[in-house]
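Residue numbers start from 1 in every chain, and the chains themselves are labelled A, B, ... in the order their sequence lines are given, proteins ahead of strands. What you see is a predicted model, and the numbers here were worked out from it, not measured in a lab.
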There are 2 protein chains.
Amino acid sequence: MKSYTIGELAKEVGVNMETVRYYERTGLLPKPPRNDSGYRQFPEEAVVRLRFTKNAQRLGFSLREIRELLSLRLIPDSACLDVKEKAEVKIAEIDKKIGELKTLREALKELSARCTRVTPINECHFLEVLQDSRGGEP
Amino acid sequence: MKSYTIGELAKEVGVNMETVRYYERTGLLPKPPRNDSGYRQFPEEAVVRLRFTKNAQRLGFSLREIRELLSLRLIPDSACLDVKEKAEVKIAEIDKKIGELKTLREALKELSARCTRVTPINECHFLEVLQDSRGGEP
DNA sequence: ATAAACCCTGTACCATAGTACGGGGTCAAG
DNA sequence: CTTGACCCCGTACTATGGTACAGGGTTTAT
């Protein structure tokens with residue numbers, strides 16, 4: 001099947017070529033095979049993986065975390081329960097993020113609604129949202 | 001009412017003192033009044049604002065975006081419709097994030113479920129998730 | 001067969017978001 | 001009245017996530 005040069009891959013996903021090399025260096029993309037003149041030949045999967053990475057990044061995951069997410073599916077079968085555990089940790093993290101985003105969304109919604117008419121918005125308890133974590137004494 | 005020294009503020013919210021100064025420098029926290037010897041005296045609101053900032057950051061907002069969010073509520077009444085518009089843009093962004101997080105969550109959930117028993121997980125279409133944006137030709 | 005477009009490596013540089021540190025003043029308790 | 005904890009400023013350093021060359025080969029279309 002078809003393979004991608006680095007330029008094709010970068011263009012397909014909409015990232016810089018240098019970024020692809022950077023990801024390869026840092027282990028986010030596995031080192032692809034090379035042709036006789038040393039050109040990288042990325043498999044289809046690299047597109048998927050790279051796209052996943054960029055999307056996950058926009059969701060607030062660091063490259064380290066993305067590396068963890070990606071590694072979950074590659075662990076040998078023996079470590080299956082370990083994978084399950086890690087997946088569940090990630091799920092919990094994600095649930096928390098979703099919850100907080102919803103809260104923030106509501107606050108913005110309220111702000112937006114209030115702003116419809118000419119009422120001044122001097123007092124909008126917009127900030128007071130997202131108050132959960134790190135509340136009091138350590 | 002009570003005011004906070006920089007150390008108290010930092011401790012209360014669980015950040016480094018230097019971070020507070022950094023935020024002041026970059027306009028995320030308004031410059032607080034000083035006492036006679038030049039010590040910062042942060043009002044209660046600084047706690048709220050700082051906490052908001054740290055939380056929003058965990059949700060994947062950059063400091064620049066957080067500055068935008070925070071500024072929404074401070075714009076003079078005249079710009080009310082502008083605020084509404086900006087708020088709605090943010091809401092849309094947040095909705096997208098929530099949607100993608102849910103998708104990712106489902107994928108992880110499936111992975112986790114599959115990992116319960118001794119079945120090998122060689123083929124888990126976990127990556128293929130989050131495929132929406134930046135699909136084809138520009 | 002030659003120019004344009006593409007790829008290689010290595011190194012340097014950039015922005016963002018802090019963190020650390022030196023040198024010095026301030027305040028509170030013993 | 002001094003010692004330790006706290007604060008000031010300025011500057012420098014760090015990690016992360018890229019970007020940008022320079023100097024050199026390769027491929028492709030004319």
Side-chain angles (χ1 to χ4, degrees), chain A residues 2-43 46-47 49-71 134 138, chain B residues 2-43 46-47 49-71 130 133-134 138:
Chain A
K2 211 233 176 250
S3 70
Y4 294 76
T5 66
I6 191 171
E8 289 166 346
L9 174 59
K11 192 168 182 184
E12 176 68 28
V13 181
V15 303
N16 197 310
M17 259 175 42
E18 312 286 352
T19 303
V20 175
R21 288 204 194 100
Y22 174 69
Y23 284 3
E24 183 185 327
R25 252 185 289 141
T26 58
L28 260 161
L29 282 174
K31 289 190 189 301
R34 306 291 185 110
N35 71 10
D36 290 350
S37 35
Y39 287 23
R40 289 169 181 82
Q41 297 176 301
F42 288 99
V47 176
R49 204 173 159 104
L50 186 50
R51 210 170 264 155
F52 177 89
T53 300
K54 292 315 281 185
N55 284 321
Q57 211 174 17
R58 282 192 305 94
L59 299 177
F61 294 96
S62 69
L63 295 187
R64 170 191 303 279
E65 289 172 315
I66 294 168
R67 223 175 280 123
E68 276 169 39
L69 281 169
L70 288 170
S71 77
R134 295 227 50 82
Chain B
K2 213 232 174 251
S3 71
Y4 293 77
T5 66
I6 192 170
E8 289 166 347
L9 174 59
K11 192 168 184 186
E12 176 68 28
V13 180
V15 303
N16 196 312
M17 256 176 42
E18 312 285 351
T19 303
V20 175
R21 279 201 267 263
Y22 174 70
Y23 284 2
E24 184 185 325
R25 253 186 288 140
T26 58
L28 260 160
L29 281 175
K31 289 188 188 303
R34 307 291 187 109
N35 70 11
D36 291 350
S37 33
Y39 286 24
R40 290 169 182 81
Q41 296 176 300
F42 289 99
V47 176
R49 203 174 162 104
L50 185 51
R51 210 170 265 154
F52 177 90
T53 300
K54 292 318 278 184
N55 285 321
Q57 211 174 18
R58 280 193 307 98
L59 299 177
F61 294 95
S62 68
L63 294 189
R64 170 191 303 280
E65 290 173 312
I66 293 167
R67 225 175 277 122
E68 276 168 40
L69 281 169
L70 287 171
S71 76
L130 305 186
S133 61
R134 295 228 51 84

Rounded to the nearest angstrom, tell me the gap between atom [atom1] in [X] and atom [atom2] in [N].
X: Leu29(A); N: dG18(D); atom1: CG; atom2: P; answer: 12 Å
X: Ile66(B); N: dT16(C); atom1: CD1; atom2: P; answer: 14 Å
X: Asn35(B); N: dT26(C); atom1: CG; atom2: P; answer: 10 Å
X: Tyr22(B); N: dT11(D); atom1: OH; atom2: P; answer: 17 Å
X: Ile6(A); N: dG18(D); atom1: CD1; atom2: P; answer: 14 Å
X: Glu24(A); N: dG17(D); atom1: CD; atom2: P; answer: 17 Å
X: Phe61(A); N: dT16(D); atom1: CZ; atom2: C1'; answer: 17 Å
X: Arg34(B); N: dC6(D); atom1: CZ; atom2: P; answer: 19 Å

- Note on the structure: Which of dG18(D), dC8(C), dA20(C) is nearest the side chain of Tyr39(A)? It is dC8(C)
Within the structure provided, determine whether [X] and [Y] are in side-chain contact (heavy-atom separation under 4.5 Å).
X: Arg67(B); Y: Leu63(B); answer: yes
X: Val20(A); Y: Phe42(A); answer: yes
X: Gln41(A); Y: Arg34(A); answer: no

- Considering only NZ, NE, NH1 and NH2 on the basic side and carboxylate oxygens on the acidic side, decide whether Glu8(B) and Lys11(B) come within less than 4.0 Å. no
- Message: With a 3.5 Å cut-off and heavy atoms only, can you find an N or O donor on one side and an acceptor on the other between the side chain of Glu18(B) and the base of dC21(C)?
- Response: yes
- Below 3.5 Å, does any donor atom in the side chain of Tyr23(A) face an acceptor in the base of dG17(D), or the other way round?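 Answer no: no donor N or O sits under 3.5 Å from an acceptor.
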Counting any heavy atom closer than 4.0 Å, what does [X] reach on the DNA or RNA strands: base, sugar-phosphate only, or nothing?
X: Arg21(A); answer: base
X: Thr5(A); answer: sugar-phosphate
X: Ser62(A); answer: sugar-phosphate

Verify the contact: side-chain N or O of [X] to OP1 or OP2 of [N], cut-off strictly under 4.0 Å; return yes or no.
X: Ser37(A); N: dT27(D); result: yes
X: Lys11(B); N: dA5(D); result: no
X: Gln57(B); N: dG18(C); result: yes
X: Arg40(A); N: dC7(C); result: no

- To the nearest 0.5 Å, tell me how far Leu28(B) CG sits from Arg64(B) CZ. 11.0 Å
- Select from Asp36(B) and Leu63(B) the residue whose nearest nucleotide in DNA chain C is closer to the 5' end of that strand.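 Upstream on the strand: Leu63(B).
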